[in-house]
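Heavy-atom basis, side chains included; hydrogens, waters and symmetry copies ignored. Computed from a predicted model, the values in this text were never measured in an experiment. Letters A, B, ... mirror the listed sequences (proteins, then strands); counts begin at 1.
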There are 2 protein chains.
Amino acid sequence: MSNASVRSVTSVPPVGRPGPGGPVRAAGPTASATAGPTTLRQVARAAEVSMATVSRVLAGNYPVAPPTRQRVLRAVRELDYVANAHARALRGHATPTVALVLADLRDEATARIAQGVEEEAAEHGRGCLIGTTGGDPRRERAVLRSMRQQGAGAVVLIGDGDQGPAHQAELAGIAGSLAAAGSRLVLCGRPAPTGATSATVVDYDNEGGAYALVSDLLARGHRQVLFLGPTTGGGTAAGRLAGYRRALTDHGLPVRPALLAGGGLGRAEAHDRLARLLATRRADRADPAGTGFSAVFAVTDQAAAGALTALRAAGLSVPDDISLVGYGDSDRATDLLPQLSTVHVPYTELGRAAVRLALAREPAATGRHAVLPTHLVPRHSTAPPPPA
Amino acid sequence: MSNASVRSVTSVPPVGRPGPGGPVRAAGPTASATAGPTTLRQVARAAEVSMATVSRVLAGNYPVAPPTRQRVLRAVRELDYVANAHARALRGHATPTVALVLADLRDEATARIAQGVEEEAAEHGRGCLIGTTGGDPRRERAVLRSMRQQGAGAVVLIGDGDQGPAHQAELAGIAGSLAAAGSRLVLCGRPAPTGATSATVVDYDNEGGAYALVSDLLARGHRQVLFLGPTTGGGTAAGRLAGYRRALTDHGLPVRPALLAGGGLGRAEAHDRLARLLATRRADRADPAGTGFSAVFAVTDQAAAGALTALRAAGLSVPDDISLVGYGDSDRATDLLPQLSTVHVPYTELGRAAVRLALAREPAATGRHAVLPTHLVPRHSTAPPPPA
DNA sequence: CTGTTAGCGCATTCAG
DNA sequence: CTGAATGCGCTAACAG
């Protein structure tokens with residue numbers, strides 16, 4: 001009863017709305033003494049009702065006498081009360097958040113997926129908790145663990161997914177834990193971990209896009225297409241390489257190892273690798289462009305940007321001497337000169353689909369593998385090869 | 001006592017580590033009956049100790065007998081237990097998260113800031129809660145409110161900040177509420193709301209960068225520089241326009257309204273506006289390039305990309321006929337041909353600084369206004385004007 | 001060293 | 001219609 005003597009805050013002049021200048025903080029000893037957010041109890045005291053009544057007014061699902069309701073609402077406004085989400089969550093009545101785990105937000109594809117995830121989550125009334133890993137599998141596990149602690153209702157994992165079988169197995173374990181806790185792991189834009197029955201996968205037609213891209217090149221008459229990107233590992237690049245291989249094979253052409261240039265997903269690496277290749281090749285060969293290939297399939301648009309610079313530096317014109325294609329249909333594809341032919345990937349939709357699947361009621365959604373279509377976007381960086 | 005008859009889970013075979021294939025879920029009635037995450041109580045029962053002991057083992061700040069400790073750790077592993085972050089938060093011993101509010105993750109500058117925020121937050125051991133607004137002030141307020149409910153230890157607001165005085169006032173109120181709850185609002189890359197004493201601001205030298213950029217143009221001999229971007233409002237563009245004005249004035253040149261082209265921050269709008277302008281001007285004037293200006297200051301790199309396309313379409317060469325500069329030093333600046341001269345903005349560092357200030361112990365950090373430096377990055381899109 | 005107790009803020013029984 | 005009591009999962013005082 002020690003606090004019972006505290007005067008009600010309703011004696012404060014009726015300033016009402018917490019408009020410009022900030023809401024009115026209670027001047028009484030209670031409010032000024034304790035730092036930290038206003039609690040339900042404080043509101044109850046101010047409105048001279050019980051906590052239960054305040055709760056009911058706020059929930060709105062229960063009959064409350066109009067005068068009481070007014071008193072409560074007024075106190076809520078004056079004390080600038082907002083409910084504590086943690087307490088709600090603990091009580092079991094908070095909509096769990098969607099967790100988003102990714103390597104780096106600065107990557108355009110990642111950012112697009114993330115935006116999709118965030119939008120869809122918001123439409124379902126869920127917040128979105130984000131964690132970055134820098135591509136480090138260890139940090140990925142740590143972040144995933146932390147998301148589990150937060151009680152995430154669903155975890156969306158964005159990324160390349162090429163981190164070795166051990167990590168894949170670890171992921172399978174995490175997927176199982178999440179599933180056991182009533183949550184769900186959704187892998188977005190990366191292959192399913194081997195043997196993970198509990199993980200849901202949302203992917204796009206990586207291989208099909210590459211197939212279309214290379215087929216288009218072949219249809220224009222190209223016979224030597226350089227694949228500029230990683231040729232090992234099981235990540236995103238693997239699907240694109242598979243499409244490249246299939247297109248060649250279907251057209252009765254051999255997959256020549258000399259045309260598998262290797263490299264990374266980024267701009268700098270692609271640039272350097274192609275530049276070196278051009279320097280070497282031109283000394284050896286005697287084909288039209290002096291390179292041993294008439295077209296370059298860069299594994300990403302970023303890589304294509306690097307490739308373009310290297311080609312230009314070597315005095316080669318795109319698409320007159322060499323055709324160039326990228327993958328991803330990023331913003332930069334239209335900034336390049338010539339504008340880059342590429343494959344459109346519905347990144348934002350990928351993120352949305354991931355959340356929809358993650359939040360789906362039916363347990364059948366667990367372990368599902370959704371694949372979104374991709375399509376070729378022909379622009380101005382492709383042309384028939386120059387006449388021999 | 002109804003649950004007291006449940007057999008201890010230690011009778012499960014010693015599979016141990018939750019490796020590939022997922023952790024071992026307890027097979028007893030307790031674990032399989034209740035869905036949802038494992039609780040401390042379940043672990044305590046399994047290890048045949050009290051909840052407090054489990055808590056102590058996990059916290060590690062308290063002496064526990066080695067055998068007991070082993071039993072507990074084993075149960076934790078077998079039940080795949082992780083602590084409930086909400087309960088921790090409620091108890092008061094969880095590090096609050098950093099909330100991040102922004103319009104759209106797909107914007108490169110925003111993504112960079114966000115990455116910085118996330119990195120710095122992680123280094124402080126805080127999670128990062130993200131919410132997008134789509135640039136809508138109403139959604140911004142809603143998101144901010146929700147962040148407050150989540151008990152965010154700090155709220156970082158990224159954005160253009162040009163939404164009118166009413167919204168600014170509203171923001172001031174929110175800053176006050178946050179401050180009263182022991183949290184803090186940090187505005188990142190946007191001007192301080194008028195009269196908000198409770199908001200902290202982290203900005204960059206927007207005006208100085210523009211000043212340097214335009215001064216460089218003037219030093220090269222340009223006298224008519226077109227400002228391509230918004231000329232009204234108090235957002236990001238305002239500071240850049242101010243730098244433009246000051247540079248002109250300092251060099252004894254008038255600010256000619258005809259050279260204030262207006263437009264938006266994006267690529268498309270800049271392109272269309274410049275294209276229209278070029279069509280009109282060339283019919284009227286008779287200066288070297290036939291445009292009435294010899295250089296274009298595009299308010300962002302994106303706008304510069306649009307401007308470049310428009311200039312090229314009009315048969316104008318950059319930088320031979322017209323010089324072009326952007327702002328932001330985005331990735332695309334080096335993809336353009338010629339590579340774009342621009343102003344570097346330390347976006348990632350901006351995000352980091354925002355979190356540092358947000359989490360600073362000293363209350364003095366509230367209401368502070370930090371300004372990070374910018375610098376000119378001369379590349380190949382600027383040259384002296386063509387001889388008359 | 002370990003167990004028991006209390007309470008964080010809230011929503012929800014159950015009594016009035 | 002409203003108030004008092006209970007417990008979500010956890011940790012920090014207190015006892016042993």
Revision key, fill the gap. Among the nucleotides D/dC10, C/dT2, C/dC10, whichever has the atom closest to the side chain of B/Met51 is D/dC10

Check your understanding: Would the number of heavy atoms belonging to other residues, nucleotides or ligands and lying under 6.0 Å from CZ of A/Arg141 be above 12?
Key -> yes

Check your understanding: Looking for any heavy atom pair under 4.0 Å, which part of the strands does B/Leu40 touch: base, sugar-phosphate only, or nothing?
Key -> base

Review point. Over how many whole Å does the gap from A/Gln42 atom CD to C/dC10 atom P extend?
Key: 9 Å

Check your understanding: Nearest to the side chain of B/Arg88 - C/dT2, C/dG9, D/dC10?
Key -> D/dC10

Check your understanding: Within this structure, what is the CD-to-P distance between B/Glu48 and C/dG3, rounded to whole angstrom?
Key -> 11 Å

Exercise for review: Output yes when at least one side-chain N/O atom of B/Thr68 is less than 4.0 Å from OP1 or OP2 of C/dT2, else no.
Suggested key: yes

Study note, to complete from the structure: When rounded to whole Å, the CD to C1' distance for the pair B/Gln149 and C/dG9 reads 13 Å

Practice item. Tell me what A/Ala83 touches on the nucleic acid: a base, only sugar-phosphate, or nothing, going by heavy atoms under 4.0 Å. Key: sugar-phosphate

Check your understanding: Which residue, A/Pro63 or A/Ala52, contacts DNA chain D at a nucleotide closer to its 5' end, judged by nearest heavy atom?
Key -> A/Pro63

Point to revise | Short side-chain N/O contact to D/dG7 OP1/OP2 from A/Arg91, under 4.0 Å | key: no

Practice item. Tell me whether the OP1 or OP2 atom of D/dC10 has a side-chain N or O from B/Tyr81 closer than 4.0 Å. Key: yes

**Study point:** Which nucleotide in D/dT2, D/dC10, C/dC1 has an atom nearest any side-chain atom of B/Ala87
**Key:** D/dC10

Study note, to complete from the structure: Side-chain atoms of B/Asn84 come closest, of D/dC1, D/dC10, C/dG9, to D/dC10

Exercise for review: Would you mind classifying the nucleic acid contact of A/Ala65 as base, sugar-phosphate or nothing, using non-hydrogen atoms under 4.0 angstrom?
Suggested key: sugar-phosphate

Review point. Is B/Arg56 side chain donor-acceptor paired with the C/dG3 base, going by distance under 3.5 Å alone?
Key: yes

Review point. Closest to the B/Val64 side chain: C/dT2, D/dG3, C/dA11?
Key: C/dT2

Point to revise | Short side-chain to backbone donor-acceptor contact, B/Gln115 and A/Leu105, under 3.5 Å | key: yes

Exercise for review: Supply the atom-to-atom distance B/Arg356 CZ to B/Glu123 CD, rounded to the nearest 0.5 angstrom.
Suggested key: 8.5 Å

Point to revise | Euclidean distance, B/Ile158 CD1 relative to B/Thr132 OG1, rounded to 0.5 Å | key: 11.5 Å

Revision key, fill the gap. note: A/Tyr62, atom OH; D/dT2, atom P; distance rounded to Å ~ 11 Å

Check your understanding: Taking atom P of D/dG7 as reference, at what distance in whole Å does atom CZ of B/Arg41 sit?
Key -> 10 Å

Practice item. Check the distance between D/dG9's P and B/Arg45's CZ and give it to me in whole angstrom. Key: 11 Å

Point to revise | Heavy-atom closest pair, residues A/Ile130 and A/Met147 | key: C-CE, 3.7 Å

Check your understanding: Rounded to the nearest 0.5 Å, how far does CG of B/Leu73 lie from OG1 of B/Thr68?
Key -> 10.5 Å

Exercise for review: Under 4.0 Å between any heavy atoms, over every strand shown, what does B/Thr39 touch: base, sugar-phosphate, or nothing? Just pick one.
Suggested key: sugar-phosphate

Check your understanding: Mapping B/Pro66 and B/Leu90 to their closest nucleotides on DNA chain C, which lands nearer the 5' end?
Key -> B/Pro66

Exercise for review: Report yes if a side-chain nitrogen or oxygen of B/Thr53 is closer than 4.0 Å to either non-bridging phosphate oxygen (OP1 or OP2) of C/dG3; otherwise report no.
Suggested key: yes

